[in-house]
Structures are given as C-alpha cells and as structure tokens.
*Asks:* 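Once you've had a glance at the structure underneath, I'll fire off some questions.
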Protein chains: 2
Amino acid sequence: MPHLLLKDLPRYECLLEAAKQFPNLDPSACEVFLNLLRTGDEAFRVTDEHFQANGLSQGRFTVLMLLFDKACGQSHSCTPAELADRAGVTRATMTGLIDTLERDAMVLRKPSASDRRMLSVELTPRAMAFIAEILPEHFRRINDLVAPLSESERRTLVRLLGKVASRAVEVSPPQAAAVHA
Amino acid sequence: MPHLLLKDLPRYECLLEAAKQFPNLDPSACEVFLNLLRTGDEAFRVTDEHFQANGLSQGRFTVLMLLFDKACGQSHSCTPAELADRAGVTRATMTGLIDTLERDAMVLRKPSASDRRMLSVELTPRAMAFIAEILPEHFRRINDLVAPLSESERRTLVRLLGKVASRAVEVSPPQAAAVHA
DNA sequence: GCCTGATGATTAGCCTCCTAATCACATAAG
DNA sequence: CTTATGTGATTAGGAGGCTAATCATCAGGC
C-alpha cells in the first residue's frame, strides 16, 4: 500500500516548462523531491511484496520486529502503548494491529500484574518461527536493491539523505508535542 | 498518512550486532534502505502537512494536479481510467477519490458523448482557484527541504536514487502484466 | 440480428491508518 | 475518603488503499 500515486515522474523539461508559470518552482529541488518519493516508494514495494506474499503488512512486520528485538534482549514483554510509540502509530492503530496479529496466533495479550490498566504483548512460538523463516529473504531483497551501489556511493547516499531528513525535521517537527498551556 | 512506522532508525552498531544473528544481513545495505525509507517518509510528511491543513490528501492532490495539467494543455477532459493509470491506483480507488472531490465541488463528472460507458472528469473554477492558492506554498516547502543541498549534491543524489529505483524495477516489476495465457 | 468477449465505471467488503470519545484504573489533592 | 486529573486500552466512525464481482456498453464473428 504505497502512497506515492505518481507512476511516471515529470521529466526535467516539463519542470522547466512549469517553472515559467510558477516563480516559486525550483526545477532541481522538485527533481530531488520527486525522485526521493519515488525511490522510497519503490524500495518500500520491494519488501512489501515479500510481506504480502506471507500475509504481512508493513505495520504487522514492524510490530513483530519490535517484539522480536525485545525477545532477544530477554525482556519478554511490551505494552501496546510502547509499541505504538516506537512504531510511530497511534494507540488506536496499534490496538487494531494487535487484534489481527492475535487472531492469527502471532501474539498474546496478557494482563499486567502491577497495573490492571496495562497489557503485556508477547510473541508466540509460531511467530518466532515465522520471523526466522521470512527474515533471510527480507535481507536478501534489501541487499539486492542496494547492490548497484559501491560502498563509497552508499556512504554518500546516506549522507545526502541525512541532510534532507534533518532539514525535514527542522522545517516541520514530527509532532508539535501539544503543550497543555 | 505516511507508512514507515519506524520512528527511530536502528543505529549502525545495532545493525552490526544483528548481523551476527543473520548472515544475510549486510549492514551498509540496510543502512541505505532504512535511510531511504525514512527520508522518503519525512519528505512526504513535509508536503502532506500542508495538504492536510487544506483538507487535501496525497491522492486528492495528485488527481487535481493531473487534471490541472490537462487543463493547461487545453485538453479539458480526462476519464477516470486514465487518471487511475497515471496516478498509479486502481480504478476502484479513483472512483472513491472522484466521489469525495465531487462532493467538495472540486470536480464534475460529465457523460461522454461518443461512448456511453465513459465519463469525463473536469476541474471546477473553485478547484482552479484552490490550486493556484496552495501551489506556491507547496513549492516553497520543497525548496526549503532541499535547500541544504548544493546543485552538485542534488545531481549526485538524483543519480544515486535513480540507480536504486532502476534496480527496484528490475528485481520486482511494478505489475506483472497478467497475460491471459 | 445476435451472442461473445472486452472495457469503463461502480459496488461490496476487507485492511490499515487517523481523530475523538469512552471506559477502567491509578494517583495526587483536599 | 472522595474527588479530580491523568493514563492505558478500546471503540466508533471516517478516509483511502486493495481485490473481486457487477452492470452497462461497445465491437466483432457468425
């Protein structure tokens, strides 16, 4: 479920053309922006395809990874709230994701002993086996995707992406932590 | 409505740690992949924030842009099927997008004279004014986002992104044009 | 003229995201 | 103790993706 919605990128000449109408339009900036969105989406698609073939969505995969990470660190529990925060979705969304994962016998909800409002979410053995099953192909796809880049190109790309990402956070902070004035 | 779902990127040391468990995991490839997804999502967010403030979604904006482009080229009509193809969504999805745009008086559905199966979708004057209103800020945000990059860095970034995007298309073609064997 | 199959648009039903409202419980203030 | 406030999880309802199934129309073969 990518969200780019633009199959064919406008070509550079079109941007130059359009720039005549809109003085604000910087062709090179737009070109970077469009390529960034498109490539991000393509990269997403390459892995999502594999997920879908295994009945996963990006959200479900992320939850499994977060719990798997916990499990590896011996900390066998995680609350829905913590999962939501780390996955970057709302708690309502996390409730829905856990619902379907529980339905598919991938996770269990257990009441917390100390605070009766809280739950603890745990992976089932079935989920552990499933993760071990799909991860190798996941990494293979990532390696394959990045294969055309040399190590030095990879460093350059990460550096340039980092500049843009930092700038993005600067110009529009992820969530303006609503202060109760 | 970004879909990355991972607020905090695993740091490089974590990747190296994880690589011990999974021989397939190439840390530099994963780093590129994660940065690509994250930066794409951040870039998306910067513009989507502006859209949301104006009651638009990415899908609605794309439809308006496609129709606007048509309108500028004097070709005042466009079928839902063509819009769906160019936007990269299914026709069913396009029906839904046109529904809400029509409800908001942004587009009109008109029956086609030549083929009674077809519709023609047109922008309303209200939509034209709306587009002229929001585009300058849209371009301003894009320029702002890319501002930290020099012209030469932009060319490099576009080139490297292009390599990855081409590779993505290669390893998993967008849609395997189902042949009716 | 009349089937048959292709094509445009829509509908129905599912999933995942969202916001806002609700409910249960915890905690601090009085 | 009681009340107010805060916090965890859920529910309700909306939007936009998808696939699969329908319906109307077109175009070709006989």
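Chain A is the first sequence line, chain B the second, and so forth, proteins listed ahead of strands; every chain is numbered from 1.
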*Asks:* Answer with base, sugar-phosphate or nothing: what part of the nucleic acid does B:T100 contact at a heavy-atom distance below 4.0 Å?
*Replies:* sugar-phosphate
*Asks:* Between C:dT16 atom C1' and A:R60 atom CZ, what is the distance in whole Å?
*Replies:* 11 Å
*Asks:* Ignoring backbone atoms, establish whether B:T95 has a side-chain N or O less than 4.0 Å from OP1 or OP2 of C:dT10.
*Replies:* yes
*Asks:* Could I get the full list of salt bridge (charged side-chain N to carboxylate O under 4.0 Å, His left out) partners for A:E133, not counting sequence neighbours?
*Replies:* none
*Asks:* For B:D99, enumerate each residue passing the side-chain hydrogen bond (donor to acceptor under 3.5 Å, both in side chains) test, keeping only those at least two apart in sequence or located in another chain.
*Replies:* B:R109
*Asks:* Can you list the residues that meet the side-chain hydrogen bond (donor to acceptor under 3.5 Å, both in side chains) rule with A:T47, with sequence neighbours excluded?
*Replies:* none
*Asks:* Using nucleotides 25-28 of chain C, report all nitrogen or oxygen pairs with the protein that are shorter than 3.5 Å.
*Replies:*
residue	atom	partner	partner atom	Å
C:dA26	OP1	A:R116	N	3.2

*Asks:* Could you work out, with side-chain hydrogen bond (donor to acceptor under 3.5 Å, both in side chains) as the rule, every residue matching A:S166, not counting sequence neighbours?
*Replies:* none
*Asks:* Does A:T39 reach the main-chain N or O of A:L36 with its side chain, forming a donor-acceptor pair under 3.5 Å?
*Replies:* no
*Asks:* For D:dA9, does either OP1 or OP2 sit under 4.0 Å from a side-chain N or O belonging to A:R91?
*Replies:* no
*Asks:* Sequence neighbours excluded, which residues qualify as side-chain contact (heavy atoms from CB on, under 4.5 Å) partners of A:V46?
*Replies:* A:R141, A:L145, B:A168, B:V171, B:S172
*Asks:* Ignoring backbone atoms, test whether B:S57 places a side-chain nitrogen or oxygen under 4.0 Å from the OP1 or OP2 oxygen of D:dA15.
*Replies:* no
*Asks:* Calculate the interatomic distance between B:F61 atom CZ and D:dG17 atom P; express it in whole Å.
*Replies:* 14 Å
*Asks:* Rounded to whole angstrom units, what separation is found between the CG atom of B:D48 and the C1' atom of C:dC17?
*Replies:* 12 Å
*Asks:* Just the rounded figure in Å: distance from P of D:dT19 to CE of B:M94.
*Replies:* 14 Å
*Asks:* Using the side-chain contact (heavy atoms from CB on, under 4.5 Å) criterion, which residues pair with B:A105? Sequence neighbours excluded.
*Replies:* B:R126
*Asks:* Tell me: CG of B:L97 to P of C:dA9, nearest whole Å?
*Replies:* 14 Å
*Asks:* Look only at the side chain of B:N35 and the backbone of A:V158, and say whether a donor-acceptor pair between them is shorter than 3.5 Å.
*Replies:* no
*Asks:* Of A:M118 and A:D99, whose closest DNA chain D nucleotide lies nearer the 5' terminus?
*Replies:* A:M118
*Asks:* Whole-Å distance between C:dC17 C1' and A:I98 CD1?
*Replies:* 15 Å
*Asks:* Whole Å only: how far is the CD atom of B:Q52 from the C1' atom of D:dA15?
*Replies:* 11 Å
*Asks:* With sequence neighbours left out, write down each residue that passes side-chain contact (heavy atoms from CB on, under 4.5 Å) with B:T79, or none if nothing qualifies.
*Replies:* B:A81, B:E82, B:M118
*Asks:* Polar atoms only, N or O, under 3.5 Å: list the protein pairs with nucleotides 12-14 of chain C and their distances.
*Replies:*
none

*Asks:* In terms of side-chain heavy atoms of B:T90, which of D:dT11, D:dT19, C:dT19 is nearest?
*Replies:* D:dT19
*Asks:* Atom CG of B:L119 and atom C1' of D:dC26: how far apart are they, to the nearest Å?
*Replies:* 15 Å
*Asks:* Quick one, B:D26 with A:R154, criterion side chain to side chain contact (heavy atoms under 4.5 Å, CB included). Give me CA distance, side-chain angles, the key distance, then yes/no.
*Replies:* CA-CA 12 Å; B:D26 174 348; A:R154 293 177 192 199; 3.2 Å; yes
*Asks:* Do any side-chain nitrogens or oxygens of B:R109 fall under 4.0 Å of OP1 or OP2 in C:dT10?
*Replies:* yes
